[in-house]
Amino acid sequence: MITVFGTGTGAPPGPDELAGAELVVGGRRHLDAVELPEGAGRIVLGPLAPALDAIEEYDGKDRPVVVLASGDPGFFGIVRALAERFGPHRLDVRPGVSSVAAAFARLGLTWDDAVVVSAHGRDPRTAVNVCRAHPKVAVLTGPGAGPAELGAALRRSARVLVVASALGDPEHERIERVSPAEAAERDWGTAVNVVLCLDETRALGPVRTLAGAGVGPAGWALDEGDFAHRDSMITKFEVRALALARLGPRPGDLVWDVGSGSGSVAVECARLGAAVSAVEKAPDGVERIRANAGAHGVFVDVVHGTAPDALAGLDDPDAVFVGGGGRELPGIVDACARRARRTVVVAMAALDRVPAVRAALTGAGFEAGGVLLQSSRLAPLPGDVTRLAATNPVFLLWGTRIPGGTAPLSREGVAL
């Protein structure tokens, strides 16, 4: 068997637990904290492949191997690589306390409703967007994706970062609460275990029956009556349903809702786990979007301004929804399409705008499609009878970025 001990946030295994091991593999600090059996080989973890090759050589000869890992090695840890290489039946995993559990314990907070994301060896955009969307997030850090990078990306958000460094080390453990701006200005070194990102106005929410905040809503394409709106100026639920299907919002995504109006699309995307920036030029619309987001228990970053100028300070989105139908619409769509990574969806009532909007999508490297949506709803008439009440027809156009097509441009105009 390959025995995997979780350590780092608790006591390391003692001599009795390591007895009989012929090879011990782990990080340098883990190996230095234990007494190796006499004659046992020692491998300091660096690149994973050579260590796995050595383990395979010992395991193939039925020579006992011990692997030392941090915290709970089955939680974003080495158990995945070991199970893929040798099979779960060859592993005897003895977990310790995970760094996430330890960090929340230091604060006296529960974490059954937290979202956990790893930025170690991954694109940090996903972690940043999860932090924007959810009130309680734990980020496992990595080179190039630590407190400074998270803080720089979250400067505009009203979040608190709790940086937990060297958890389990009685001499060097630190728990520090900082603003994103403060985190961005610091040199944190390499000892950080985990960063907690908290919206303290919402972090102590109701008790959940399911762990985590990744469980989706019971439904979407909500009725217009579920949102405050002005003079029926709201994307109708039939249109919203198809728009959401084309946008594909999910945790880790950033979605723009440009010309947001009531914010119905923004709120629905946030309910599905995405981070959302809603751009709205009318002051009363800004307040309405915030009220609708609060009523549905989600966070939407509301930007008061006129597109496309208001888009300059925003991070590049995965998907964009554009509503409205003024003469400036094709130019706004062009500006959005040149920065969107995956898709742009546009809703409009005017037939005259369709060719220019379609040209803006294709010109930015998208494959364009669209439909005219016309629906009739059941409506009561006197005498206990029903009629069909027609809604206004709406054109819904969308563009999906062609693999290998024109690269999206960053807000500085540099191809990504």
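For reference, positions follow the sequence shown, starting with 1.
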Give a yes or no on this: more than 12 heavy atoms of other residues, nucleotides or ligands lie within 6.0 Å of atom [atom1] of [X].
X: M233; atom1: CE; answer: no
X: D53; atom1: CG; answer: yes
X: R80; atom1: CZ; answer: no
X: D92; atom1: CG; answer: yes
X: R28; atom1: CZ; answer: no

Exercise. May I ask you to test the E224-R240 pair for a side-chain heavy-atom distance under 4.5 Å?
Key: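 SC-SC contact between E224 and R240 confirmed.
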Self-check item: Sequence neighbours excluded - salt bridge (Lys or Arg N to Asp or Glu O under 4.0 Å) pairs with any residue from residues 345-367
Solution: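 Qualifying pairs: none.
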Taking the side chain from [X] and the backbone from [Y], do they hold a donor-acceptor pair closer than 3.5 Å?
X: R377; Y: L388; answer: no
X: W256; Y: D315; answer: yes
X: D318; Y: L254; answer: yes
X: E173; Y: G168; answer: yes
X: E182; Y: S179; answer: yes

Exercise. Measure up the W111 and F75 rings against each other and bin them: parallel (under 30°), tilted (30 to 60°), perpendicular (over 60°).
Key: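 Judged by the thresholds at 30° and 60°, the geometry between W111 and F75 is perpendicular.
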Quiz prompt | Residue pairs passing the ring-ring contact (aromatic ring centres under 6.0 Å, His included) test where at least one lies in residues 366-403, sequence neighbours excluded | solution =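 Matches after skipping sequence neighbours: none remain.
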Self-check item: Sidechain N-carboxylate O distance under 4.0 Å for R85, D59
Solution: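 Salt bridge: no.
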Would you tabulate the side-chain donor-acceptor contacts of residues 290-299 under 3.5 Å, counting partners in other chains and residues two or more places apart, or write 'none'?
from, atom 1, to, atom 2, distance (Å)
R290, NH1, E287, OE2, 3.2
N292, OD1, A228, N, 2.8
N292, ND2, A228, O, 3.0
N292, ND2, S262, O, 2.8
N292, ND2, R288, O, 3.3
H296, NE2, D226, O, 2.9

